[in-house]
Novice: 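Just dropping this structure here.
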Amino acid sequence: MAATRVRCCHSNAPFTRLPYTRHRNSPTLPISLNRVDFSALKCSRRLSLPIGDGSSIRNVSGSGCRNIVRAILEEKTEALTEVDEKGFTCVMKFGGSSVASAERMKEVADLILTFPEESPVIVLSAMGKTTNNLLLAGEKAVSCGVSNASEIEELSIIKELHIRTVKELNIDPSVILTYLEELEQLLKGIAMMKELTLRTRDYLVSFGECLSTRIFAAYLNTIGVKARQYDAFEIGFITTDDFTNGDILEATYPAVAKRLYDDWMHDPAVPIVTGFLGKGWKTGAVTTLGRGGSDLTATTIGKALGLKEIQVWKDVDGVLTCDPTIYKRATPVPFLTFDEAAELAYFGAQVLHPQSMRPAREGEIPVRVKNSYNPKAPGTIITKTRDMTKSILTSIVLKRNVTMLDIASTRMLGQVGFLAKVFSIFEELGISVDVVATSEVSISLTLDPSKLWSRELIQQELDHVVEELEKIAVVNLLKGRAIISLIGNVQHSSLILERAFHVLYTKGVNVQMISQGASKVNISFIVNEAEAEGCVQALHKSFFESGDLSELLIQPRLGNGSPIRMQVEN
Ligand SMILES: Nc1ncnc2c1ncn2[C@@H]1O[C@H](COP(=O)(O)OP(=O)(O)O)[C@@H](O)[C@H]1O
Ligand SMILES: N[C@@H](CC(=O)OP(=O)(O)O)C(=O)O
């Protein structure tokens, strides 16, 4: 059954389709929508409310809502038309920084309501630094002894933050108290077992999103916006059983779509979904999608529901020309392709989860990166294609803590299968390789440490890799390196390389390896980590702060003399 959208004929103003219920704390809604017999009127009870530019829904609900409800009550329904439509229009994901306190949650609620034309699915991360605190609490629990588990400092921080938030939002604390008690029990269990498996670690961190979404849904209901909380692992987010790094499986898409649409049709309410979490398909246990995985939750929902837009709300004005914590003159990048965004995320720009572009690209759903602290900023829009005519460099990305391996064959020159053998070792050990450069008898590559969660594990794994490789090669392991990736239009690679190497040469920096990605949007090079930040700053100045580089372009021309218009196609 298609849901119905009500539009007012005498005005083309956009209307909200957020479901509203009257609440004792919501004095602005003058007429209870519950009194209206919508089925008799043959229209949805999800009323649409006119809203003026910049005004909040609560300001207009008095007039807009009253007009529509009055029209219905007075049976002047000729003023209203119905538009057949599916339930949801977009997904809005808010990261930890966007929901770090009660104040922030109120602002996010207001922000959602300033988009009356949208009928959103909301995805939330854990509040502020809760995930980090949960991880630290778990690590401390392993060695603190059962009797001390309740006193772990991070547990107190988590309890204090959530209880204070519930109080400040004026909602019933029972929404979270059982969860906080369960969390304490879990830490005691870890203390008793003296071990923290990856499976338990995922269950432990899941408390962060389970708490934040319950609080936010309860708050929306308090202010008269009907909302329903969902744990992703209960509504069809099925993943591989790779704890701490689960991959979303195909079965997720139809399952999530069915559950969200079915509930909406029976009883419309804004879905508030836990980001970052899933359910292992064999174990049935809670899994996580890797750090920052709520972005992936959002894009998965976007694809599952076939939405028109996926919005990820951050604490920065979109994807920037570099990490603002490295160089504060970084500026927003208005347009990106899925390829560019994926490459940028993969090579370390913390702003997006590395896998999050996949569902958006498959579903061809635009992703908008916005700032919840500065909603008026246009942000970044990520789409399949964009005009590349004037694009040279888009963003500079730094990945720290990189380990590089120089592997030289011990056998004869041109040894058949040397490369295959090297890569099979990485495959067997389940280790990702980032940047690769080869010669006939040697190979240099960097390892991706981001998939590993603890330092001990990295060292153990490295020792093992070297041991295996030394069976066929001489191995030189170089730590403390960094990858600088230039995300840009590789059609202009000569110009990019000329500039970049001039900057690095002037700084006296020696590049240890270079690779131009097959994706055609990325040139990466390896430098010493100690020099890396200075390099990014100098490169930024040269590429983004010294005039319009596109004037240097030698335009490829068609036979008739007109410039070729270039597009990047995925
Ligand atoms: N190129 C970049 N553009 C924007 N932000 C970046 C970039 N590189 C790194 N960052 C960092 O990513 C942060 C936003 O991502 P994240 O912390 O995951 O947000 P959230 O927790 O709200 O989802 C920014 O505060 C910024 O420090
Ligand atoms: N809370 C999880 C998942 C997440 O996506 O967080 P954020 O959106 O704040 O990056 C983490 O910290 O990894």
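Numbering of ligands and ligand atoms starts at 1, following listing order. Side-chain atoms are counted along with the backbone in the values below, which use heavy atoms only and exclude waters and symmetry mates.
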Novice: Quick one: which ligand 2 atoms are inside 4.0 Å of a heavy atom on Gly292?
Specialist: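 It comes down to these atoms of ligand 2: 3 (C), 4 (C), 5 (O), 10 (O), 11 (C), 13 (O).
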Novice: Could you tell me whether a side-chain N or O of His540 sits under 3.5 Å from a main-chain N or O of Val536, the two making a donor and an acceptor?
Specialist: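 Checking the backbone N and O of Val536 against the side chain of His540, no donor-acceptor pair under 3.5 Å is found.
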Novice: Is the contact between His353 and ligand 2 made by the side chain, the backbone, both, or neither, using heavy atoms and a 4.0 Å cut-off?
Specialist: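 Neither part.
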Novice: Should you measure from each heavy atom of Val316, which atoms of ligand 1 turn up under 4.0 Å away?
Specialist: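 Numbered from 1, ligand 1 contributes 4 (C), 5 (N), 24 (C), 25 (O).
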Novice: What's the shortest distance from atom 4 (C) of ligand 2 to any protein heavy atom, and which residue and atom give it?
Specialist: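 For atom 4 (C) of ligand 2, the nearest protein heavy atom is Ser294 OG, 3.4 Å.
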Novice: Identify, by atom number and element, the atoms of ligand 2 in contact range of Glu209, meaning under 4.0 Å from any of its heavy atoms.
Specialist: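 In order of numbering, the contacting atoms are 1 (N), 2 (C), 3 (C).
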Novice: May I ask you to check if ligand 1 and Lys314 share an N or O to N or O distance below 3.5 Å?
Specialist: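 Yes, since at least one N or O of Lys314 sits under 3.5 Å from an N or O of ligand 1.
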Novice: Is the shortest N/O to N/O distance between Lys93 and ligand 1 below 3.5 Å?
Specialist: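 Yes, there is a polar N/O contact under 3.5 Å.
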Novice: With a 4.0 Å cut-off on heavy atoms, is Gly293 touching ligand 2?
Specialist: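 The answer is yes, since Gly293 has a heavy atom less than 4.0 Å from ligand 2.
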Novice: I want to confirm something. Looking only at heavy atoms, which of Asp315, Val99, Val319 is nearest to atom 14 (C) of ligand 1?
Specialist: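 Among Asp315, Val99, Val319, the closest heavy atom to atom 14 (C) of ligand 1 comes from Asp315.
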Novice: Is there a polar contact between ligand 2 and Asp295, counting only N or O atoms under 3.5 Å apart?
Specialist: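 No, there is no polar N/O contact under 3.5 Å.
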Novice: Mind checking whether Ser97 has an N or O less than 3.5 Å away from an N or O of ligand 1?
Specialist: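 Yes, since at least one N or O of Ser97 sits under 3.5 Å from an N or O of ligand 1.
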Novice: Please identify which atoms of ligand 2 are closer than 4.0 Å to at least one heavy atom of Gly96.
Specialist: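 Checking each atom against Gly96, I get 7 (P), 8 (O), 9 (O).
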Novice: Mark up the atoms of ligand 2 that fall under 4.0 Å of a heavy atom belonging to Lys93, in ascending order.
Specialist: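 Every atom of ligand 2 under 4.0 Å from some heavy atom of Lys93: 8 (O).
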Novice: Which ligand 1 atoms, with their elements, are less than 4.0 angstrom from a heavy-atom of Thr325?
Specialist: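 Going through ligand 1 atom by atom, the ones under 4.0 Å from Thr325 are 27 (O).
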Novice: Can you check whether Gly290 has an N/O within less than 3.5 Å of an N/O in ligand 2?
Specialist: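 Not met; the criterion fails.
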Novice: Please determine whether any non-hydrogen atom of Gln350 lies less than 4.0 Å from an atom of ligand 2.
Specialist: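 The answer is no: ligand 2 sits nowhere under 4.0 Å from a heavy atom of Gln350.
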Novice: Does ligand 1 have an atom that lies less than 4.0 angstrom from a heavy atom of Gly96?
Specialist: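 Within the 4.0 Å threshold, so yes.
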Novice: Looking at Arg291, which atoms of ligand 2 are within less than 4.0 Å of one of its heavy atoms?
Specialist: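 Atoms satisfying the 4.0 Å criterion: 11 (C), 12 (O), 13 (O).
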Novice: Using a strict threshold of under 4.0 Å (side-chain N to carboxylate O), is an ion pair present between Asp241 and Arg199?
Specialist: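 No, this pair does not count.
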Novice: Parallel, tilted or perpendicular: which one describes the rings of Tyr179 and Phe207, with boundaries at 30° and 60°?
Specialist: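 Correct class here is perpendicular.
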Novice: Counting both backbone and side chain atoms, is some N or O of Leu320 under 3.5 Å from an N or O of ligand 1?
Specialist: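 Yes.
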